[in-house]
Amino acid sequence: MPDNRALAEQLKMFADLSEIKGENPFRLIAYRRAADTLDELDESVEQLVRENRLTEVPGIGPGIAATLKEMVETGAWSALDELQDEVPSTLLTMLDIPGVGTKSVTRFYHELGITDLVQLEASARQDDIRKLKGFGAKQEARILSGIAFLNQRTGRLSIGTGLPAAELLAEQLSARLEVDVAIAGSVRRMCETVGNLDLVAASDDAHAIATALAESGALTDIQLTEPSIATGKHAAGVEVRVLAADPEEYGSELFRWTGSREFVAACEQQFGAGPAAESEAQFFEALNLQPIPPELRESLRMIDLARTNALPRLIEVSDIRGDLHLHSDWSDGHGTILEMATAARERGYEYLSISDHSGGLAIAHGVTIERLRQQWVEIERANEQVPEIRLLKASEVEVHLDGSLDFPDEVLAELDLVVASLHSGLNHSIEELTERIVKVMRNPHVDIIAHPTGRIIERRPGGTYDWETVFKVALETGTALEINANPARLDLRDEVAADAHRAGVLLVIDTDAHDVRSLDLMRYGVGVARRAGVGPEGVLNTRPLASLLDWLGR
DNA sequence: AACTGAAGAGTTGTGGCGCCGGTGCGCCA
């Protein structure tokens, strides 16, 4: 039974193929909008089909409802199958190249007979692309560097998918086997992408684990690859490995299975095979080491720090007192200001910054100066309705190519908080980008630089900066650099965040939420900060409201 | 294809950048 996400994928694929075929563009918009809606829908499509309520969903009319019904009931979509006979679906892989869209792909296909990335790369190398009207040497170079970037992709799963999947499995296994089951591996270390999902169960019965895995419904191809290891293929596309650990060795095995491989190897070299321990705490105690948080088990230096009880105190999700970068339905968010404020109260926050896009980002329905003033009225009203949460009048202000901001200084001065964002020209040179961001930080009204590099993990490389200069100016101007908690971004990434922290730069962890649910992405940003060795004092939004307002100078 | 608003028909996702070629078009946020 296809879930909402799988159905949305099919709709998007249909839209892309139809666009290549040259169908009515408004039809495509409708399919894509419906797909976006499904991604955020709380109810399952299957349920809606059964109750014949699909067309009650905004953006789903009779046509798409019939399509969804067909997919739910038969598991297939005949129109999509027919379309794939006409338009090879391998063409879609070329759309992943930054700068290549459906128009270009159509021409590569019709005029050069190119159907996939391998053929496209070969043609670009042979200078065949520039023979097409409207293409030249620069385009060829862009295509080649784009393909090189795509070839670096690991096919690993985002932590944003891996962690919830591992949590669900651990919960199901624990309930069925009635033993402790822990998440291990790269998921536990909060790596930005994960190659597989590793779990450790406090049970030496691997057969029972395999049976429980089968009952979970999320796995195929379940087998015992070793007497004590049950594996299977997860629907999300990675391997699941569950270690059957003797309860008396549960802690020490969890340590071994958490990795990183180099880290565990280094420990074994220093301490031998290590003692058997029921819990990880006991394991560290037996080694006479301060417990090392999983996120720090990458750098061997941490072993020395643990020896002398000198590990940094790491930030925790419970340290976070508010979210300073998010969106409402005033721009491209889906929740009202009141809904976002209420959700923040449920999460125990003290404050929330309403930072919708500025007018320059038209596609996101950016807020113009005139609408900004209207928004302040609504923010004040919500402040009265949800007195537990202090809503800040903020903006995610577009940075233009010349480093100027989308709002004039007089308007910025009236805001409680200014988040500056680069969305264009991120492929410019390191010198140009550094100069631009320095200019932004030197604006006295700018408080935060959002998702500084603009990377999208495994999709867009993002910009490069002379970080030393960026940190120096951030320190000098008192600008906070964001760790964007969205698992597709995680920007700044762990290593750069660690360097920033060491340089004394203040960090801030924001979700950039576009709906209520995304406020919960905070833990991924906290994971990055922990991997960077950052404690609560290094993060702006751990501060109490009064202290935050003081920092803002308001 | 869906929505609006009441009839059928018109509207829907905007504007700047980069590349190519000499003014326009595709791509992207």
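A note on names: the letters A, B, ... follow the listed sequences, proteins ahead of strands, and every chain is numbered from 1.
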- With a non-hydrogen cut-off below 4.0 angstrom, is A/Ala15 in contact with a base, only sugar-phosphate, or nothing? nothing
- Nearest-angstrom distance, C1' atom, B/dC17 to B/dT23: 15 Å
- Message: Between B/dT12 and A/Phe26, is there a base-stacking contact, meaning the centre of the base's six-membered ring lies under 5.5 Å from the residue's ring centre while the planes stay under 30° apart?
- Response: yes
- Message: For a quick test of reading the model: is some side-chain N or O of A/Ser424 closer than 4.0 Å to OP1 or OP2 of B/dC28?
- Response: no
- Task: Compare the minimum distances between each of B/dC28, B/dC17, B/dC27 and the side chain of A/Leu401, then state the nucleotide with the smallest one.
- Result: B/dC17
- Message: Can you measure A/Glu432 atom CD to B/dC17 atom P for me and round it to whole angstrom units?
- Response: 12 Å
- Would you call A/Asp36 and A/Arg33 a salt bridge, taking side-chain N to carboxylate O under 4.0 Å as the test? no
- Quick one: pull up CD in A/Gln374 and CH2 in A/Trp330 and give me the separation to the nearest 0.5 Å. 5.5 Å
- Task: For A/Ile29, answer base if it contacts any base atom (sugar-phosphate contacts may also be present), sugar-phosphate if it contacts only those atoms, and nothing otherwise; contact means non-hydrogen atoms under 4.0 Å.
- Result: base
- Task: Rounded to whole angstrom, note down the P distance from B/dG15 over to B/dC20.
- Result: 26 Å
- Nearest nucleotide by nearest heavy atom, which residue falls closer to the 5' end of DNA chain B, A/Gly360 or A/Gly101? A/Gly360
- Item | SB check A/Glu435 A/Lys439 (cutoff 4.0 Å) | no
- Are the side chains of A/Phe149 and A/Asp96 in touch, meaning some heavy atoms are under 4.5 Å apart? no
- Query: Of all the nucleotides listed (B/dA2, B/dG26, B/dG13), which has the minimum atom distance to the side chain of A/Pro62?
  - Reply: B/dA2
- Report yes if at least one side-chain N or O of A/His423 is closer than 4.0 Å to OP1 or OP2 of B/dC17; otherwise report no. no
- What is the distance, rounded to the nearest whole Å, between atom CD of A/Glu398 and atom P of B/dG16? 12 Å
- Query: Base, sugar-phosphate, or nothing for A/Ile97, non-hydrogen atoms under 4.0 angstrom?
  - Reply: sugar-phosphate
- Which dot-bracket string fits DNA chain B when only Watson-Crick or G-U wobble pairs with both atom distances under 3.5 Å count, crossing pairs get [ ], and | stands for a partner on a different strand? ((((....)))).((((((....))))))
- Message: Between B/dA29 and B/dG13, how many Å separate the two C1' atoms, rounded to a whole number?
- Response: 12 Å
- Message: Can you tell me which nucleotide in B/dC19, B/dG13, B/dC28 comes closest to the side chain of A/Arg32?
- Response: B/dG13
- Query: Choosing from B/dC28, B/dG15, B/dG18, which nucleotide comes nearest the side chain of A/Arg460?
  - Reply: B/dC28
- Message: Check this for me: does any side-chain nitrogen of one of A/Arg371 and A/Asp356 sit under 4.0 Å from a carboxylate oxygen of the other?
- Response: no
- Atom C1', compared across B/dA7 and B/dC3: separation rounded to whole Å: 15 Å
- Query: Quick one: A/Asn24 CG to B/dA2 P, roughly how many Å, whole number?
  - Reply: 12 Å
- Residue met sooner reading DNA chain B from 5', once A/Arg27 and A/Phe135 are mapped to nucleotides: A/Arg27
- Message: How many whole angstroms separate atom CD of A/Glu396 from atom P of B/dA29?
- Response: 14 Å
- If we take the P atom in both B/dG26 and B/dG21, what is their distance in whole Å? 13 Å
- Message: Under 4.0 Å between a side-chain nitrogen and a carboxylate oxygen: does that hold for A/Arg489 and A/Glu482?
- Response: no
- Item | Of the listed nucleotides B/dT14, B/dC20, B/dA2, the one nearest the side chain of A/Gln139 | B/dC20
- Message: Using atom P in both nucleotides, what's the gap between B/dG22 and B/dC28 to the nearest angstrom?
- Response: 24 Å
- Item | Lys/Arg N to Asp/Glu carboxylate O, A/Asp491 vs A/Arg460, below 4.0 Å | no
- Message: Please classify the nucleic acid contact of A/Pro25 as base, sugar-phosphate, or nothing, using heavy-atom distances under 4.0 Å.
- Response: nothing
- Message: Suppose you measure atom C1' in B/dT4 against the same atom in B/dG8; what distance do you get, rounded to whole Å?
- Response: 12 Å
- Nearest-nucleotide pick for A/Lys103, side chain only, options being B/dC20, B/dC28, B/dG26: B/dG26
- Item | A/His325 and A/Asp512 side chains, donor-acceptor separation under 3.5 Å | yes
- Item | Rounded C1' spacing from B/dT11 to B/dG5 in Å | 13 Å
- Is it true that A/Glu9 and A/Arg5 have a side-chain N and a carboxylate O under 4.0 angstrom from each other? no
- Note on the structure: A/His365 NE2 to B/dG13 P, in whole Å, measures 9 Å
- Rounded to the Å, how far apart are A/Glu19 CD and B/dA1 P? 16 Å
- Message: Could you walk me through whether A/Glu192 and A/Arg531 satisfy the salt bridge (Lys or Arg N to Asp or Glu O under 4.0 Å) test, starting with their C-alpha distance in whole Å, then the side-chain angles of each, then the deciding distance to 0.1 Å, before giving a yes or no?
- Response: CA-CA 10 Å; A/Glu192 61 189 41; A/Arg531 287 176 61 79; over 6 Å; no
- Item | Presence of A/Arg33 side-chain N/O under 4.0 Å of B/dA2 phosphate oxygens OP1/OP2 | no
- Which whole-number value in Å describes the distance from A/Asp406 CG to B/dT14 C1'? 13 Å
- Message: What's A/Leu28 touching, base or sugar-phosphate or nothing? Going by heavy atoms closer than 4.0 Å.
- Response: nothing
- Of the listed B/dA1, B/dC28, B/dC20, the closest approach to the A/Pro98 side chain comes from B/dC28
- Once you round it to whole Å, what is the distance between P of B/dC28 and CG of A/Leu95? 9 Å
